[in-house]
Amino acid sequence: MNIQANISQGIQQAFQNIFDHQLELEQISLAPTRKEFEGTYTFVVFPFLKVSKLSPEATASKIGDFLKENIAEVADYNVVKGFLNLVLNELSWLDVFQKLITNPNPGQLPANGQKVMVEYSSPNTNKPLHLGHLRNNFLGYSVAEILKANGYEVIKANLVNDRGIHICKSMVAYLKFGNGETPESSGLKGDHLAGKYYVLFDKEYKKQIDELKSSGQSEEEAKKNAPILLEAQEMLRKWEANDEATVSLWKQMNAWVYAGFDATYKKMGVDFDKFYYESDTYLLGKDIVEEGLAKGVFFKKENGSVWVDLTDEGLDEKLVLRGDGTSVYITQDMGTADLKYKDFQIDKSVYVVGNEQDYHFDVLFKIMQKLGRPYGPGLYHLSYGMVDLPSGKMKSREGTVVDADDLMQEMIETAESHTKELGKIEGFSKEQAEELYEILGLGALKYFLLKVDPKKRMLFNPQESIEFQGNTGPFIQYSHARIASILRKAEQIGVDYSKADFSGVKSLAESESGLIFLLNDFEKKIRQAGEDYAPSILAQYLFDLAKEYNRFYADVPIFNENDTSVLAFRVALSAQTAKTIKKGMSLLGISVPDRM
RNA sequence: GGUCCUGUAGCUCAACUGGAUAGAGCAACUGCCUUCUAAGCAGUAGGUUUCAGGUUCGAGUCCUGACAGGAUCACCA
């Protein structure tokens with residue numbers, strides 16, 4: 001069906017015929033030939049010398065001869081040491097291209113009947129989202145879209161952390177210092193309002209600690225005894241006892257925060273199919289503890305606390321229920337895992353959570369597997385590194401964060417000034433121009449965060465603004481806009497490339513066959529990105545594709561071509577590239593403009 | 001201290017999962033707008049892949065041990 005498969009089969013036959021040896025297709029790997037050598041694909045023969053019982057050169061030559069004779073696409077070959085470089089018939093790329101353009105929806109693999117849940121975002125309702133959340137949200141959204149493209153049915157879930165001591169801290173500070181302030185009266189977004197009081201709490205808390213210390217208490221005592229902390233703890237007790245005033249304040253503040261989050265999510269371009277709230281789930285999981293005890297997966301200590309022993313898995317013993325029968329974090333996570341399965345019968349479940357929780361998820365997944373959950377093997381922690389600032393770690397309570405709303409706004413403004421500097425807003429209405437700035441600013445930001453391997457922690461320097469040139473979102477967007485311009489012109493002068501009559505094409509420029517090679521690779525990359533949960537693979541691919549197109553654009557004239565079928569081919573090649581870029585970028589959550 | 005992650009050009013990142021002379025972008029320097037958008041293209045320069053061993057035809061990639069940075073090891077979430 002495609003060139004690579006044909007060649008692989010040819011190699012298989014070659015081994016059968018020449019060496020009387022049956023090779024599995026999986027054993028045959030074709031690598032792209034390095035630029036310094038002539039050829040497209042390279043087959044490394046070193047691993048097969050035991051079979052051929054010949055020198056590397058002789059082995060490679062024999063296989064090369066066979067392929068040249070029997071496989072239409074192989075025009076020639078050369079051998080360097082144990083490397084068999086296959087030179088393809090230029091025009092076989094044209095066949096590949098003809099097949100590619102018959103696919104109306106490139107990059108969409110057929111449904112595989114599997115359901116996967118991607119949980120991401122998971123905000124705390126006591127503070128606004130910051131740069132770290134942006135990485136989380138963009139990653140989660142992109143992985144969800146990539147899995148959809150791989151044929152999964154995807155449920156995007158958001159587990160909102162809407163209860164606990166941290167929310168009570170904001171509430172206490174609000175009661176103390178708020179004077180009835182509201183988002184309306186203050187002009188603050190609801191999430192920023194809550195965040196403000198979270199910071200105020202911490203200030204007051206530190207002040208009280210200092211006071212207690214100067215009156216003779218130890219640091220440890222002071223931290224425990226500060227009145228404002230005791231108030232927050234008291235408020236948590238009242239909340240859990242369903243105290244009317246407390247719950248109503250909690251609801252009020254949460255409502256403000258959600259309104260703020262909604263606006264931020266909308267700007268980010270992410271969405272969710274299902275929300276879970278910890279205020280609903282925090283009591284779940286106790287029945288699983290019982291089940292685990294019955295099955296012998298858990299055991300009880302003298303004080304009544306319940307543990308799981310994971311020492312034979314290389315981990316420790318881990319508490320799953322306190323001695324007083326109350327839950328810990330992992331108790332409710334066990335319960336939530338079951339709840340997700342009960343709600344959606346998912347085959348796989350992806351948790352997009354920072355790498356500081358690696359150990360926690362390791363434990364959680366091992367427990368669910370020991371309990372024999374059907375979804376156990378499909379649990380995956382998509383762990384990502386922190387985003388650090390030059391000044392160090394971001395801390396919400398100290399106010400040393402790069403706020404998500406601010407950063408997105410800055411990016412949009414930067415995009416605006418870049419665009420104006422380049423004088424590229426002629427013919428744009430005000431609305432169109434603003435839409436463009438948003439597409440470009442967010443594109444730059446998303447690409448910046450997604451092109452890096454998630455595992456790596458990254459340093460973000462606000463002073464050195466995110467680039468718009470080189471390996472960036474706008475570079476790829478620019479390539480798309482160029483093609484869109486070509487396509488407009490083609491339509492204007494009536495070029496019909498839909499018939500796919502490219503009969504006049506007798507040879508291909510390097511950039512042309514290079515483009516087809518990459519376009520043909522799209523599906524493979526989507527598959528790889530899906531298997532590895534790695535948007536960065538796709539980002540890298542799209543950069544390569546855009547680069548190759550720009551090379552083509554500079555090398556090969558389109559409208560100066562006399563032969564209409566050649567002209568049609570080049571327009572069709574452009575159109576296919578645009579389609580691929582657009583689809584690929586959409587899987588990263590990035591839109592592409594038609595003009596910029 | 002135990003466990004996990006990371007370490008590649010001045011900076012930010014790749015390297016098709018063990019393949020050839022380790023590639024891109026930024027920054028620096030040279031060229032290219034009277035032809036489809038110069039947010040572009042072509043080129044120059046930049047490397048002991050943190051270090052030391054090992055495994056094999058072949059190691060940035062696998063193993064062992066150092067070194068550096070980070071995370072985690074709560075009856076917190």
Side-chain angles (χ1 to χ4, degrees), chain A residues 29-37 42 44 46-47 49 56 80-83 85 124 161 163-166 278 282 301 303-307 314-316 318-330 332-333 354-360 362 383 385-386 388 393 415 418-419 421-422 424 440 444 448 451-453 455-459 461 464 466-479 481-490 521 524-525 528 532 536-537 539-541 543-544 546-547 549-561 570-571 574 595-596:
Chain A
S29 77
L30 290 174
T33 302
R34 302 190 69 95
K35 271 194 217 131
E36 314 87 85
F37 301 99
T42 296
V44 185
F46 286 115
L49 297 183
V80 182
K81 290 186 276 180
F83 299 92
N85 299 323
N124 292 333
N161 187 359
R163 69 166 285 279
I165 190 75
H166 48 284
E278 289 201 8
Y282 79 105
K301 291 196 176 174
N303 66 359
S305 58
V306 181
W307 296 71
L315 303 177
D316 297 329
K318 186 84 187 169
L319 177 88
V320 294
L321 196 71
R322 289 194 192 106
D324 63 6
T326 57
S327 298
V328 288
Y329 185 35
I330 205 158
Q332 70 169 284
D333 265 6
N355 64 6
E356 72 273 18
Q357 296 198 34
D358 283 356
Y359 184 72
H360 170 75
D362 214 358
S383 161
M386 296 292 102
D388 289 330
K393 215 178 155 168
H418 271 275
T419 306
E421 227 169 86
L422 291 167
K424 296 224 175 184
L440 294 178
F448 177 82
K451 74 172 176 185
V452 183
D453 178 350
K455 278 205 298 290
K456 289 191 169 158
R457 57 192 271 269
M458 56 196 302
L459 189 77
N461 190 341
E464 293 166 22
I466 292 172
E467 301 283 343
F468 283 67
Q469 281 160 4
N471 188 356
T472 66
F475 172 88
I476 299 167
Q477 291 171 319
Y478 176 70
S479 309
R482 273 183 153 179
I483 300 175
S485 166
I486 297 266
L487 297 180
R488 279 194 298 273
K489 186 162 177 185
D521 240 15
K524 194 175 114 195
K525 294 292 180 181
Q528 209 185 334
D532 298 351
S536 59
I537 290 175
Q540 188 64 38
Y541 166 78
F543 174 63
D544 290 339
K547 222 158 105 76
Y549 186 83
N550 283 324
R551 197 169 295 151
F552 162 75
Y553 186 91
D555 285 352
V556 182
I558 295 178
F559 295 111
N560 278 345
E561 173 59 48
R570 291 180 184 155
V571 174
S574 302
R595 287 190 295 159
M596 67 183 273

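It should be emphasised that the depicted structure is a prediction, and the values quoted were computed from it without experimental measurement.
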Assign [X] to base, sugar-phosphate, or nothing according to its heavy-atom contacts below 4.0 angstrom with the strands shown.
{"X": "A:Asp544", "result": "nothing"}
{"X": "A:Pro557", "result": "base"}
{"X": "A:Lys524", "result": "nothing"}
{"X": "A:Thr419", "result": "base"}
{"X": "A:Leu440", "result": "base"}
{"X": "A:Val556", "result": "base"}
{"X": "A:Gln477", "result": "nothing"}
{"X": "A:Gly164", "result": "nothing"}
{"X": "A:Ser29", "result": "nothing"}
{"X": "A:Val80", "result": "base"}
{"X": "A:Asp532", "result": "base"}
{"X": "A:Phe475", "result": "sugar-phosphate"}

When you measure from the side chain of [X], which nucleotide among [options] comes out closest?
{"X": "A:Lys81", "options": "B:C57, B:U21, B:C26", "value": "B:U21"}
{"X": "A:Asn85", "options": "B:G19, B:U37, B:A20", "value": "B:A20"}
{"X": "A:Gln528", "options": "B:U37, B:G25, B:U17", "value": "B:U17"}
{"X": "A:Asn560", "options": "B:A39, B:U35, B:G23", "value": "B:U35"}
{"X": "A:Arg322", "options": "B:U17, B:A39, B:C76", "value": "B:C76"}
{"X": "A:Ile486", "options": "B:C36, B:G19, B:A77", "value": "B:C36"}
{"X": "A:Glu356", "options": "B:A71, B:A38, B:A24", "value": "B:A71"}
{"X": "A:Phe46", "options": "B:A38, B:A77, B:C57", "value": "B:C57"}
{"X": "A:Ser485", "options": "B:C36, B:A77, B:G19", "value": "B:C36"}
{"X": "A:Phe468", "options": "B:C36, B:A20, B:A39", "value": "B:A39"}

Using the [atom1] atom on both, measure [N] against [M] and round to a whole Å.
{"N": "B:A24", "M": "B:A66", "atom1": "C1'", "value": "32 Å"}
{"N": "B:C13", "M": "B:U17", "atom1": "P", "value": "24 Å"}
{"N": "B:G70", "M": "B:U8", "atom1": "P", "value": "15 Å"}
{"N": "B:U50", "M": "B:A9", "atom1": "C1'", "value": "15 Å"}
{"N": "B:U72", "M": "B:A27", "atom1": "C1'", "value": "37 Å"}
{"N": "B:A20", "M": "B:G43", "atom1": "C1'", "value": "24 Å"}
{"N": "B:G7", "M": "B:A15", "atom1": "C1'", "value": "16 Å"}
{"N": "B:A14", "M": "B:U6", "atom1": "C1'", "value": "16 Å"}

Is B:C26 syn or anti, taking syn as a glycosidic angle within 90° of 0?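 Nucleotide B:C26 adopts anti.
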- Message: Syn if the chi torsion is within 90° of 0, anti otherwise; quick check, which is B:U49?
- Response: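 Base orientation relative to the sugar is anti.
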Q. If you find the nucleotide of RNA chain B closest to A:Lys489 and the one closest to A:Pro32, which residue's nucleotide is nearer the 5' end?
A.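 It is A:Pro32 whose nearest nucleotide is closer to the 5' end.
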Rounded to the Å, how far apart are [X] [atom1] and [N] [atom2]?
{"X": "A:Leu422", "N": "B:C33", "atom1": "CG", "atom2": "P", "answer": "19 Å"}
{"X": "A:Leu30", "N": "B:G19", "atom1": "CG", "atom2": "P", "answer": "14 Å"}
{"X": "A:Phe552", "N": "B:C36", "atom1": "CZ", "atom2": "P", "answer": "15 Å"}
{"X": "A:Ile483", "N": "B:G40", "atom1": "CD1", "atom2": "P", "answer": "15 Å"}

Could you identify the nucleotide paired to [N], looking across every strand shown and requiring Watson-Crick or G-U wobble geometry with both distances under 3.5 Å?
{"N": "B:U3", "result": "B:A71"}
{"N": "B:A20", "result": "none"}
{"N": "B:A45", "result": "none"}
{"N": "B:A9", "result": "none"}
{"N": "B:U64", "result": "B:A52"}
{"N": "B:G40", "result": "B:C32"}

Under a 4.0 Å heavy-atom criterion, the protein footprint on nucleotides 2-14 of chain B, written with B, S and -, is ---SSS-----SS
Q. B:G40 base stacked by A:Tyr553? Criteria: ring centres under 5.5 Å, plane angle under 30°.
A.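 Stacking between A:Tyr553 and B:G40: absent.
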Ring centre gap for A:Phe552 and A:Tyr549 strictly below 6.0 Å: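 A:Phe552 vs A:Tyr549: aromatic centres under 6.0 Å.
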Discussion item. Does a side-chain N or O of A:Arg34 approach OP1 or OP2 of B:A20 to a distance below 4.0 Å, or not?
Written reply: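 Yes, because at least one side-chain N or O of A:Arg34 sits under 4.0 Å from OP1 or OP2 of B:A20.
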Exercise. Can you tell me if the side-chain N/O atoms of A:Lys547 get under 4.0 Å from OP1 or OP2 in B:C41?
Worked result: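 Negative; the distance criterion is not met.
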Run the side chain to side chain contact (heavy atoms under 4.5 Å, CB included) check on A:Arg322 and A:Val328 step by step: do they pass? CA-CA 7 Å; A:Arg322 289 194 192 106; A:Val328 288; 3.9 Å; yes
Any donor-acceptor pair under 3.5 Å joining the side chain of A:Thr472 to the base of B:A39?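 By the distance-only test, no, there is no pair.
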*Record whether the side chain of A:Asp555 comes under 3.5 Å of the base of B:A42 through a donor-acceptor pair of N or O atoms.*
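No pair found.
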Notebook entry, point to check: What do you reckon, is NZ of A:Lys301 surrounded by more than 12 foreign heavy atoms closer than 6.0 Å?
Noted result: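 Enclosed.
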Spacing of OG1 belonging to A:Thr42 relative to CG belonging to A:Asn85, to within rounding of 0.5 Å: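 Rounded to the nearest 0.5 Å, the OG1-CG separation comes to 4.0 Å.
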